[in-house]
S.K.: 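Questions regarding the structure given below will be posed in turn.
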Amino acid sequence: DARVTQTPRHKVTEMGQEVTMRCQPILGHNTVFWYRQTMMQGLELLAYFRNRAPLDDSGMPKDRFSAEMPDATLATLKIQPSEPRDSAVYFCASGTSGGPTGELFFGEGSRLTVL
Amino acid sequence: GNSVTQMEGPVTLSEEAFLTINCTYTATGYPSLFWYVQYPGEGLQLLLKATKADDKGSNKGFEATYRKETTSFHLEKGSVQVSDSAVYFCALRESGGSYIPTFGRGTSLIVHP
């Protein structure tokens, strides 16, 4: 059963520490999205890749966040340095770039707590 | 830009009650419309979709009809179960450009026995 895999599922860290979240998209999917979910803001798009190329990261705080796809099986989201306001659930989703009708497949999320 | 507006939650119902969750959208083109569901502790998963006007998406007893004239895609179910308790997200993907989805804020549904 193909699924998007995210690690870690839970992370507690202290302010100022570096945090790296990883995502393995479904094999054959060539689009990857990173979302952040909070009660206050709902789902926010942080980054979007197609064929490993970043197409949109306008929602990502550039001073501390970075997103990469070193290869087709791995996407990473890094926060350095982390702050308490970064506490949220971070979701990775993948899909095909077959146009507007395609669905996204979400991972189970990485719950980040920054103390 | 595109936007999706959903009714505020939580929606609280008794088992076997009728459910409607309203969703309206704004788009410049001809989007595809989706409902995703998020169960506690999980990621979002597709519930149903419709890709053109007057299409009806359906799954697990849920239905939604793509209404272009009212720019709406309301989610309905005739008889909810406790297991339907979750957060429901309405979303659209535009027909041109980058195909980045636009999500609503989500509506929490709580079903009591």
Side-chain angles (χ1 to χ4, degrees), chain A residues 1-7 9-10 21 23-26 29-51 53-60 67 88-111, chain B residues 1-10 23 25 27-53 55 57-59 64 66 68 73 86-108:
Chain A
D1 190 22
R3 58 186 180 134
V4 175
T5 303
Q6 289 186 246
T7 57
R9 289 296 313 279
H10 302 274
M21 289 169 274
C23 168
Q24 180 176 0
I26 291 173
H29 284 185
N30 64 342
T31 59
V32 172
F33 300 79
W34 281 105
Y35 287 92
R36 176 169 63 184
Q37 185 178 39
T38 61
M39 290 293 290
M40 294 296 294
Q41 301 296 330
L43 267 179
E44 300 174 273
L45 177 67
L46 298 176
Y48 167 46
F49 292 81
R50 184 190 294 167
N51 297 325
L55 292 190
D56 190 320
D57 62 1
S58 57
M60 195 164 66
V89 181
Y90 291 81
F91 288 102
C92 175
S94 71
T96 61
S97 62
T101 63
E103 68 180 282
L104 264 59
F105 294 80
F106 283 78
E108 293 189 310
S110 294
R111 180 175 293 277
Chain B
N2 299 334
S3 67
V4 174
T5 303
Q6 295 182 231
M7 59 191 291
E8 292 273 338
C23 170
Y25 67 90
T28 52
Y30 303 95
S32 295
L33 302 174
F34 304 81
W35 277 102
Y36 286 82
V37 58
Q38 183 180 28
Y39 298 104
E42 298 183 10
L44 283 69
Q45 57 185 274
L46 180 69
L47 180 60
L48 54 84
K49 70 178 183 182
T51 58
K52 60 183 188 298
D55 268 3
S58 61
N59 186 25
Y66 188 164
K68 188 168 179 291
F73 193 54
V87 181
Y88 293 81
F89 291 86
C90 185
L92 69 82
R93 292 187 87 171
E94 190 65 271
S95 56
S98 64
Y99 308 132
I100 293 176
T102 300
F103 285 89
R105 291 293 305 267
T107 301
S108 175

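Just the heavy atoms: all of them, side chains too, but no hydrogens, waters or symmetry mates, feed the values below. Not measured: the values here are computed from a predicted model.
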S.K.: Measure distances from R111(A) to the heavy atoms of chain B and classify the residue's part below 4.5 Å as side chain, backbone, both or neither.
M.R.: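 For R111(A), there is no contact with chain B at all, as no heavy atom is under 4.5 Å.
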S.K.: Under a 3.5 Å distance rule, please check whether Q6(A) uses its side chain to pair with a backbone N or O of Y90(A) as donor and acceptor.
M.R.: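 Answer holds: yes.
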S.K.: Could you check whether any side-chain heavy atom of Y66(B) comes within less than 4.5 Å of a side-chain heavy atom of P31(B), counting everything from C-beta outward?
M.R.: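 Heavy-atom side-chain distance check passes, below 4.5 Å.
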S.K.: State whether the side chain of Q38(B) and the backbone N or O of F89(B) hold a donor-acceptor pair below 3.5 Å, judged by distance alone.
M.R.: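 Not at all, since once roles are kept as given, no pair shorter than 3.5 Å links the two residues.
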S.K.: Give, as side chain, backbone, both or neither, the part of Q41(A) having an atom under 4.5 angstrom from any heavy atom of chain B.
M.R.: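 Contact with chain B is through the backbone of Q41(A) alone.
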S.K.: Please classify the contact between L104(A) and chain B as side chain, backbone, both or neither, with a heavy-atom cut-off of under 4.5 Å.
M.R.: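 Both the backbone and the side chain of L104(A) come within 4.5 Å of chain B.
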S.K.: Given the options L92(B), L33(B), L44(B), which has more heavy-atom pairs under 4.5 Å with chain A than any of the others?
M.R.: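 Heavy-atom pair counts peak at L44(B).
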S.K.: Looking at T102(B), L46(B), V87(B), which has the largest count of heavy-atom pairs under 4.5 Å with chain A?
M.R.: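 Counting heavy-atom pairs under 4.5 Å, the top option is L46(B).
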S.K.: Any donor and acceptor pair, going by atom type alone, linking the side chain of N59(B) with main-chain N or O of L47(B) inside 3.5 Å?
M.R.: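 Judged by distance alone, yes, a pair lies under 3.5 Å.
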S.K.: Are the side chains of T31(A) and Y99(B) in touch, meaning some heavy atoms are under 4.5 Å apart?
M.R.: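 With C-beta onward as the side chain, the pair stays apart.
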S.K.: Of the backbone (N, CA, C, O) and the side chain (C-beta and beyond), which part of L55(A) lies under 4.5 Å from a heavy atom of chain B, both, or neither?
M.R.: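 For L55(A), there is no contact with chain B at all, as no heavy atom is under 4.5 Å.
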